Amino acid sequence: MPEGPSIVILKEAVEALHIKGQNIDYAEGNSNKIDMERLIDKKIIDIRSWGKHFLICFEDFTLRIHFMLFGSYLINEKKKTTPRLTLEIKNHELNFYACSVKILEGPAGKIYDWETDIMAAQWNPEKALKKLKAAPKMFACDALLDQDIFAGSGNIIKNEVLFRIRLHPLSILGEIPEAKLKEMIAETRNYSFDFLEWKKEFTLKKHWLAHTKKICPRCNIPFAKEYLGKSKRRSYYCTNCQIFYDKPVVGKKVSLL
DNA sequence: TCTCATGTTTAGGT
DNA sequence: GACCTAAACATGAG
């Protein structure tokens, strides 16, 4: 569920219910973070998404749902487990499970930087480039998971983008040529929209070239599978065709153990 | 049955 | 304070 494009699918599904302008009739759930009463009788002014956040917008506050690793939702359906949050609006019911639910004070437009959302119309590649340049010691694999740079990018997008642009996950941002950084930014946006399209067709997995794969489709040799970077997330990469931009580490501490 | 994973925050240690 | 690690959350796929 969680990566940015999946949240766009949820947003579109909820938009299709035409509940914008409607009031919340009823709210309940086992989320202990929010006051359900506060939602009741409030008018929904917008349905939005920012990165991996799903947002139901009200005049002066924003309901934020983050699905973490295992979160799920059902529209006009229920599952056996207790929802974190149920919203009833007119004849519709939204159920959210195993997710983080939070009320943010203020309108969504003011809370988020929309230029950072890889799925947003306002996405600003120049701004992303500035952020990459401002972090010369960061690994490429960590940059692609950094929600302040690529809001909505997750581990699948990370692996697929690095493979597409032939970049080794442990490449250091400061050593990567600017043209390659620009490629990384452009391809993150690109792949995210491919992701969206394929996810809608239920063919996302089928289109993976690197993520969870054993063999590099370009070189026909085994992929390396390692937990890399500060984030220590699964990385699948080809040591042959993904270029490693690095520099010798001076004064590296040597463990005597 | 058991392990692992599309994620993030927080608490605690060095 | 910087930096690191583990834990916590909770669920379905393989």
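A, B, ... follow the sequence lines: proteins, then strands. Residue 1 opens every chain. Please read these numbers as outputs of a predicted model, since none were measured by experiment.
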Next on the checklist: It should be established whether Tyr97(A) places a side-chain nitrogen or oxygen under 4.0 Å from OP1 or OP2 of nucleotide dG12(C).
Outcome noted: no
Next on the checklist: Is any side-chain heavy atom of Lys180(A) closer than 4.5 Å to one of Tyr245(A)?
Outcome noted: yes
Checklist entry - Can you tell me how far C1' in dT6(B) sits from the matching atom in dT5(C), rounded to whole Å? => result 23 Å
Next on the checklist: Please report the distance, rounded to the nearest Å, between CG in Asp194(A) and C1' in dT6(B).
Outcome noted: 17 Å
Checklist entry - For dC4(B), does either OP1 or OP2 sit under 4.0 Å from a side-chain N or O belonging to Arg234(A)? => result no
Checklist entry - Rounded to whole angstrom units, what separation is found between the CG atom of Asn159(A) and the C1' atom of dT6(B)? => result 11 Å
Checklist entry - Can you tell me how far C1' of dT11(C) sits from CG of Asn95(A), to the nearest Å? => result 16 Å
Item to check | Phosphate contact (dA6(C) OP1 or OP2) by Lys232(A) side-chain N/O below 4.0 Å | outcome: no
Item to check | Test: Glu12(A) and Lys200(A) ion pair at under 4.0 Å | outcome: yes
Item to check | Ionic contact status for Lys130(A) with Glu126(A), cut-off 4.0 Å | outcome: no
Item to check | Length of the CZ-C1' vector between Phe67(A) and dA5(B), whole Å | outcome: 17 Å
Item to check | Lys/Arg N to Asp/Glu carboxylate O, Lys78(A) vs Glu93(A), below 4.0 Å | outcome: yes
Next on the checklist: What's Lys80(A) touching, base or sugar-phosphate or nothing? Going by heavy atoms closer than 4.0 Å.
Outcome noted: nothing
Next on the checklist: Does the structure show a Watson-Crick or G-U wobble partner for dA11(B), both distances under 3.5 Å? Name it, or say none.
Outcome noted: dT5(C)
Next on the checklist: So that I know where these two stand, are Tyr112(A) and His53(A) an aromatic pair - ring centroids less than 6.0 Å apart?
Outcome noted: yes
Checklist entry - Do Tyr237(A) and His168(A) have ring centroids that are under 6.0 Å from one another? => result yes
Item to check | Whole-angstrom distance between dC9(C) and dT1(B), as gauged at atom C1' | outcome: 22 Å
Checklist entry - Which part of the nucleic acid does Lys158(A) contact within heavy-atom distance under 4.0 Å: base, sugar-phosphate only, or nothing? => result nothing
Checklist outcome for this item: Lys205(A) atom NZ is separated from dA13(C) atom P, nearest whole Å, by 8 Å
Next on the checklist: OP1 or OP2 of dC3(C) versus the side-chain N and O atoms of Lys137(A): is any pair under 4.0 Å?
Outcome noted: no
Checklist entry - Any ion pair linking Glu183(A) and Arg164(A) (charged N to carboxylate O, less than 4.0 Å)? => result no
Checklist entry - Taking OP1 and OP2 of dA5(B), is either one under 4.0 Å from a side-chain nitrogen or oxygen of Lys225(A)? => result yes
Checklist entry - If you find the nucleotide of DNA chain C closest to Lys230(A) and the one closest to Thr81(A), which residue's nucleotide is nearer the 5' end? => result Lys230(A)
Item to check | Under 4.0 Å protein heavy-atom contacts per nucleotide of nucleotides 7-14 of chain B, with B for base, S for backbone only and - for none | outcome: BB------
Checklist entry - How close or far is atom P of dT11(C) from atom CG of Leu74(A), stated in whole angstroms? => result 12 Å
